[in-house]
Amino acid sequence: MTMTNAVPPVTRFAPSPSGHLHVGGARTALFGWAFAKGRGGKFLIRIEDTDQKRSSDAASVGFLRDLEWLGIRWDEGPEFVAPDGTTVGGGPNGSYFQSERLDIYNRYCDQLVAEGKAYEAWETSEELDLLRKEATARKEAFRYHFRGPVTAEQRAQFVAEGREPVLRFRCAGTAVTIQDEVLGEATLPAGEVDDFVIRKKDGFPTYHFAVVVDDELMKVTHVLRAQEHFTNTAKHMLLQDALGFRRPVYGHLSIIKNPDDSKMSKRDKDKVLRKAVKERALTAPPAGTVSAEAWAKWINDDNVQLSLDDAISLAESLKVTLPEINVDDFRRSGYLPEVLCNFLALNGWSPGGDVEKFDNEFLKQRFGLDRVMKTPAKFDRLKLLSFNTDAITSMPADAFARRCREHAEQFRPEFIKRLGDAKFALLMIACQERSKTLDDPFKSNAFLLAEDSTLVFSDDKNVRKALGIGANPTDGGKTGLDHLRAMRGILAGVGDWSQTAIEAVTTAYCNEHAGAKIGSVAQPLRIGVAGSTVSPPIWDTLVLVGKASALARIDRCIAWAQAL
RNA sequence: GGCCCCAUCGUCUAGCCUGGUCUAGGACACCUCCCUUUCACGGAGGUAACGAGGGUUCGAAUCCCUCUGGGGUCACCA
């Protein structure tokens, strides 16, 4: 029953349908992919959509896009056309949607019934709930056991009552020893596994049954899945024995947690928003964010989640940052897929020694179950950010420009429109060494999109200091505001609006009037055109803003500052 | 509560299987200093961990036991 080592492994990622890929799922997929592909095997995807309540539509496999973006491609599974035109998926063992395999499961159910290994059970959920409550009251775990054969009359009676049967597996009741490549060996004592349901009353198989049948039929050799399935493995082993199936090798992966120890969840976004709303004591949605109906539903029920678009607009309005949870969130935030993969792999696996930066190819070559951590990891976004920063700053300039542009096309189209090609290219050059993400050039330079007449000047400590508001004149008896006034005139006379020309006239001015201290002139200029003391290098910033806008903004700034 | 699993710096981890070279290494974060036209980058230092208690042993982070703490599971969800 055990696998020979000569057989190339087949692993699978088997999520329930979802529009988004959670980072925990991404890591499971990544490990499964690396394990199989590094050993000349196959990686496949199967959709576990046997719960009709979580109905499936086109968006249900949205996570395939995220997987592809990460560089994880599947040899078998749902078909998907990648952005580069290649078709991923398909394969001889379909359908890869469990909801389309009902007749297969039924065949095996029939087999078990015929062999006396499965039987109909007629209790209603209410009756079962009652039994469970009683067990809890006795401080016992509820276990369902065979209650004797049902006669033809009883059966007719149940049907007449309108009851519908489920199919339960008749469990042997022996101790089961789970062999796990990550967690080691564990023995569940006899009686721990009860006569669990294998087919629901709606005719769909339960997870346990579908998983066992499909892993057999799809020739899966290694099952890598989340640790929450660890004890379920006993059920699956019993089923495999009853059906005469092979036994795949198991490896259970620990979960990924938030830094505060809570489980990373898609609800985390709503949590942040609810907190902000509560702090501000808001009773209605800020204008232009969430619709009144959506707001009412959301505010009255903690289980309701806002749509992604609603959440984003509300977060912007409340000036809070939503935590990235899904792969797509990280993409939107400007993380590189190769960095995400690297970091994800490092949460729960390491190649040993001091190596921690590697690509998927390396992971593929080196990944093994023996070095997978047993303990849950906390997801440290700061370290991820640091990895991303390193990758971005060490990237060739043209690669950075290209990838930023792709990012902007998708998430920041307004910058492309406003800047035009030449200035967009300049922005890339000016920003690379100070960017931590592909989104930073845009996120930190919103002033580029502002209208000259509405640019907001930030009244903060740094601004006041640079402008010399409320302080004695320095540097040659002049305040920053004085410098700005003087530079306004000088800049107006610059014909060739280029970095070198601007730098030349400014340096000349500095040498004469500011004790050669560029900062005392550059900072007021920066405030003048960007509204704050932070921007890309000043000469680049001035070119980016353009001469006419720069002068208009400086004029407004001077007027604004004088009124302070 | 029953059952199962786990335990190294704040965090991710190396080391553990094959006890000594570990007064425990790296990375992120943090602190100090340097660089600097802002922000960021960068450079040089620094603080910081074997959960507790018992064994075994000449010797334990490494092996054993107990405790404590954490996690998972106990659905007609996956």
Side-chain angles (χ1 to χ4, degrees), chain A residues 14-17 48-51 53-54 98 121 123-125 128-129 132 135-143 164-168 178 180 182-184 186-189 191-194 196-202 204-208 210-211 225-232 234 252 254-255 257 259 261 263 343 346-357 370 373-387 389-390 393 431-436 440 444 462 466 503 506 510 517-523 525-527 530 532-539 541:
Chain A
S16 38
E48 312 237 313
D49 55 351
T50 55
D51 185 0
K53 274 170 298 225
R54 302 188 202 175
Q98 291 186 326
E123 290 81 6
T124 62
S125 343
L128 289 172
D129 283 347
R132 264 183 215 109
T136 312
R138 290 194 305 271
K139 301 205 168 196
E140 284 169 18
F142 172 66
R143 296 281 120 89
E164 291 170 301
V166 299
L167 211 55
R168 283 183 183 268
I178 302 168
D180 188 283
V182 174
L183 298 174
T187 301
L188 300 199
E192 265 306 294
V193 180
D194 69 353
F196 55 95
V197 174
I198 59 176
R199 187 172 62 198
K200 304 178 248 185
K201 76 179 170 201
D202 65 5
F204 277 58
T206 59
Y207 162 73
H208 304 298
V211 125
R225 64 193 355 174
Q227 215 167 59
E228 66 202 65
H229 292 301
F230 184 56
T231 28
N232 287 335
H252 288 90
S254 62
I255 59 161
K257 298 196 290 181
D261 259 344
K263 194 171 170 182
F343 187 71
L346 226 40
N347 274 251
W349 181 80
S350 89
D354 293 340
V355 181
E356 59 173 11
K357 297 277 181 72
D370 53 329
M373 286 281 136
K374 302 177 179 190
T375 47
K378 290 180 199 171
F379 196 83
D380 184 355
R381 288 190 181 75
L382 272 181
K383 183 158 178 172
L384 204 216
L385 222 211
S386 163
F387 273 37
T389 307
D390 289 348
T393 48
C431 286
Q432 183 173 1
E433 66 176 21
R434 70 202 71 245
S435 289
K436 295 167 189 266
D440 274 0
S444 11
N462 291 337
E503 180 173 2
T506 311
C510 275
K517 290 168 87 173
I518 293 281
S520 27
V521 177
Q523 283 301 79
L525 278 175
R526 201 183 301 279
I527 296 162
S532 81
T533 54
V534 179
S535 87
I538 187 62
W539 323 126
T541 303

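Naming convention: chains lettered A, B, ... in sequence-line order (proteins, then strands); numbering from 1 in each chain. Since this is a predicted model, take the numbers as computed values, not measurements.
- Among the heavy atoms of the strands lying under 4.0 Å from A/T187 are primed sugar atoms or P, OP1, OP2 only; no base atom is included.
- Applying the 3.5 Å distance criterion, the base of B/A29 shares no donor-acceptor pair with the side chain of A/K383.
- Comparing A/L384 and A/L346 along RNA chain B, the residue whose closest nucleotide (by nearest heavy atom) sits nearer the 5' end is A/L346.
- To the nearest angstrom, P of B/C12 lies 13 Å from CD of A/E356.
- Atoms NE2 (A/H252) and P (B/C4) sit 17 Å apart, rounded to a whole Å.
- A distance-only check finds no donor-acceptor pair linking the side chain of A/N462 to the backbone of A/T533 [under 3.5 Å].
- Taken from OH in A/Y207 to CG in A/D51, the straight-line distance is 14.0 Å, to the nearest 0.5 Å.
- The pairing partner recorded for B/U32 is B/A44, the criterion being a Watson-Crick or G-U wobble arrangement whose two distances lie under 3.5 angstrom.
- What separates NZ of A/K374 from P of B/C12 is a distance of 17 Å, to the nearest Å.
- Glycosidic conformation, B/C34: anti, with the torsion outside 90° of 0.
- Per the geometry, CZ belonging to A/F379 stands 13 Å off C1' belonging to B/C28, to the nearest Å.
- At whole-Å resolution of the value, CZ in A/F343 and C1' in B/C28 are 8 Å apart.
- In this structure B/A75 sits in no base pair that meets the Watson-Crick or G-U test at under 3.5 Å.
- Base engagement by A/T533 is indicated by at least one non-hydrogen atom pair under 4.0 Å involving a base atom.
- For the side-chain hydrogen bond (donor to acceptor under 3.5 Å, both in side chains) criterion with A/H252, the lone passing option out of A/R225, A/Q227, A/H229 is A/R225.
- Taking atom P on both B/C5 and B/U21, the two are 32 Å apart, rounded to the nearest angstrom.
- A gap of 35 Å separates the C1' atoms of B/G59 and B/C4, to the nearest Å.
- For the C1' atom pair drawn from B/U47 and B/C30, the interatomic distance equals 8 Å after rounding to whole Å.
- Comparing B/A24 with B/A14, their C1' atoms are spaced 10 Å from each other, to the whole Å.
- With both pairing distances under 3.5 Å, B/A24 is matched to nothing as a Watson-Crick or G-U wobble pair.
- Nucleotide B/G59 has no partner under the Watson-Crick or G-U criteria, as no pair reaches both atom distances under 3.5 Å.
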- Task: Between protein and nucleotides 70-78 of chain B, map the contacts as a letter string: B base, S sugar-phosphate only, - none, heavy atoms under 4.0 Å, written 5' to 3'.
- Result: --SSBSBBB
- Message: Output one letter per nucleotide in nucleotides 41-51 of chain B: B when a protein non-hydrogen atom lies under 4.0 Å from the base, S when only the sugar-phosphate is that close, - when neither is.
- Response: S----------
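- Of the possible donor and acceptor atoms, none in the side chain of A/S386 sits under 3.5 Å from a partner among the backbone N and O of A/L382.
- For the P atoms, the distance linking B/G70 with B/C64 amounts to 24 Å, nearest Å.
- Nucleotide B/A7 is matched to B/U68 when pairs are restricted to Watson-Crick or G-U wobble geometry with both distances under 3.5 angstrom.
- If you check the side chains of A/T541 and A/S535, you find a donor sitting under 3.5 Å from an acceptor.
- Using C1' as the reference atom, B/A61 and B/U18 are 16 Å apart when rounded to the nearest Å.
- Between A/D390 and A/K357 there is a salt bridge, since a side-chain N of the basic residue sits under 4.0 Å from a carboxylate O of the acidic one.
- Put simply, NZ on A/K378 is 10 Å from P on B/U8, counting in whole angstrom units.
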- Message: Assess the residue pair A/K383 and A/E356 against the criterion (salt bridge (charged side-chain N to carboxylate O under 4.0 Å, His left out)); give the C-alpha distance rounded to whole Å, side-chain angles, the decisive distance to 0.1 Å, and a yes or no.
- Response: CA-CA 12 Å; A/K383 183 158 178 172; A/E356 59 173 11; 3.2 Å; yes
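- The CG atom of A/L183 sits 10 Å away from the C1' atom of B/C4 (whole-angstrom rounding).
- With a 4.5 Å cut-off on side-chain heavy atoms, A/T187 and A/I178 do not count as touching.
- Here the P atom of nucleotide B/C5 and the CD1 atom of A/I178 are 9 Å apart, to the nearest Å.
- Looking at heavy-atom distances under 4.0 Å, A/I538 makes contact with a base.
- Minimum interatomic distance between A/P205 and A/T50 (heavy atoms only, all atoms of both residues): O-CB, 3.5 Å.
- The shortest non-hydrogen separation linking A/F230 to A/A186 is CZ-CB, 3.6 Å.
- For the C1' atoms, the distance linking B/A29 with B/A75 amounts to 42 Å, nearest Å.
- Between the side chain of A/R526 and the backbone N or O of A/P536 there is at least one donor-acceptor pair closer than 3.5 Å.
- The closest donor-acceptor contact from the side chain of A/T136 to the backbone of A/R132 lies under 3.5 Å.
- B/C74 sits 40 Å from B/A27 when the C1' atoms are compared, rounded to a whole Å.
- Of the candidates B/C3, B/C5, B/C28, B/C3 carries the atom nearest the A/P189 side chain, counting heavy atoms from C-beta on.
- Where A/G348 and A/Q523 meet RNA chain B, the nucleotide closest to each residue was compared, and A/G348 sits on the side nearer the 5' end.
- Within the 4.0 angstrom heavy-atom criterion, only backbone atoms of the sugar-phosphate kind lie near A/K139; the bases stay farther away.
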